[in-house]
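Fair warning: this is a prediction, and the values are worked out from it, not measured in the lab.
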Amino acid sequence: AIWNSNSKMEWIILGILSALSFSMGNVFDKITVTKYFKSAKAYFYVSVFLFIIYLVFFLKTNLNGIPKNIILLTLFAGFIHMFAMFFYVKSISIEDISKISIILQLIPVMILILASIFLGEKLNNMQILSFFLILLGSLIISFNKLEPSKALPYILGVVLAISINNVMMKFAYNYIN
């Protein structure tokens, strides 16, 4: 078999490849923003244009009995994701990508919190401990000489918006299945 999910070494390799892909994507975004999109507004306008294309696609497509409120929820989640990207572009235009990518690790933590509040998912002790460790690390990295980064509000906007997006999509997925 090509894929043996029981092998711990394969999971380690996948974890490393995932972190590498995330890092490369962040570096690519930083280069794109500093060289091609001088303004976060330009990035946002491209996102709005793509959102309109997706909206037209969804309105013209038969989605096999998926309720319209779930379709609208997923479209709204996509709209929230556009705002996240605006905040992301704004933050990487202000701060080093190395600091931002560390603070973005709060996204899974925020998803856990929101999912436990809105979807009734339970947190175990390891998840709570991980939450505090990631929060502590993010707070330490976001302060430079005891002053918060000027990009911190934008980065936290990214964390919140992407987390809301993911919880909304999980709700839609649970509803459909």
Side-chain angles (χ1 to χ4, degrees), residues 14-15 17-95 97 100-123 127 130-131 134-135 138 142 151-177:
L14 285 175
L17 288 174
S18 172
L20 181 64
S21 297
F22 180 75
S23 300
M24 288 173 48
N26 285 332
V27 170
F28 177 75
D29 288 341
K30 179 72 172 183
I31 292 168
T32 302
V33 167
T34 56
K35 292 191 181 223
Y36 302 107
F37 287 107
K38 298 296 183 190
S39 165
K41 290 179 186 176
Y43 202 83
F44 181 73
Y45 293 142
V46 169
S47 296
V48 168
F49 175 73
L50 292 174
F51 178 76
I52 291 169
I53 290 172
Y54 290 132
L55 181 62
V56 169
F57 172 77
F58 278 118
L59 293 176
K60 297 215 178 254
T61 304
N62 180 8
L63 295 173
N64 299 326
I66 297 173
K68 291 214 183 272
N69 61 340
I70 295 299
I71 294 170
L72 290 174
L73 179 72
T74 59
L75 288 171
F76 186 64
F79 192 70
I80 289 173
H81 190 80
M82 284 183 352
F83 279 102
M85 292 302 99
F86 172 77
F87 291 135
Y88 175 70
V89 169
K90 189 73 173 165
S91 66
I92 64 177
S93 66
I94 296 171
E95 186 64 77
I97 194 67
I100 290 171
S101 62
I102 292 170
I103 298 170
L104 289 178
Q105 298 310 308
L106 285 172
I107 292 170
V109 172
M110 183 60 70
I111 290 171
L112 277 174
I113 293 168
L114 293 176
S116 69
I117 293 170
F118 294 107
L119 302 178
E121 295 187 10
K122 304 293 181 212
L123 299 177
Q127 290 169 325
S130 300
F131 162 77
I134 292 171
L135 181 63
S138 296
S142 67
L152 187 59
Y154 298 110
I155 301 167
L156 294 178
V158 173
V159 169
L160 184 61
I162 288 180
S163 300
I164 290 170
N165 168 275
N166 279 272
V167 171
M168 290 172 77
M169 295 303 291
K170 169 84 171 166
F171 176 83
Y173 178 77
N174 287 347
Y175 186 87
I176 291 170
N177 287 328

Checking side-chain contact (heavy atoms from CB on, under 4.5 Å) for the pair Leu156/Leu160: CA distance, chi angles, key distance, verdict?
-> CA-CA 6 Å; Leu156 294 178; Leu160 184 61; over 6 Å; no

Any side-chain heavy atom of [X] within less than 4.5 Å of one from [Y]?
X	Y	answer
Thr74	Met169	yes
Ile70	Ile176	yes
Leu106	Ile155	no
Asn166	Lys170	no
Ile162	Met85	yes
Leu73	Tyr175	no

Look up atom [atom1] in [X] and atom [atom2] in [Y], then write down how far apart they are to the nearest 0.5 Å.
X	Y	atom1	atom2	value
Leu114	Ile107	CG	CD1	11.5 Å
Ile117	Leu123	CD1	CG	9.0 Å
Met24	Phe28	CE	CZ	10.0 Å
Leu112	Leu119	CG	CG	11.0 Å
Tyr88	Ser93	OH	OG	11.0 Å
Lys30	Glu95	NZ	CD	8.0 Å

List the steps and the verdict of side-chain contact (heavy atoms from CB on, under 4.5 Å) for Val109 and Val159.
-> CA-CA 9 Å; Val109 172; Val159 169; over 6 Å; no

Aromatic ring pairing Phe76/Phe79, orientation class (parallel under 30°, perpendicular over 60°, tilted between) = parallel

Given the options Ile80, Ile113, Ile111, Ser163 meets side chain to side chain contact (heavy atoms under 4.5 Å, CB included) only with Ile111

Taking everything shown except Phe131 itself, do over 12 heavy atoms lie less than 6.0 Å from its CZ?
-> yes

So which heavy atom on Ser91 is nearest to which on Ala151, and how close?
-> O-CB, 3.8 Å

Stepwise side-chain contact (heavy atoms from CB on, under 4.5 Å) test for Tyr154 and Val158 | CA-CA 6 Å; Tyr154 298 110; Val158 173; 5.7 Å; no

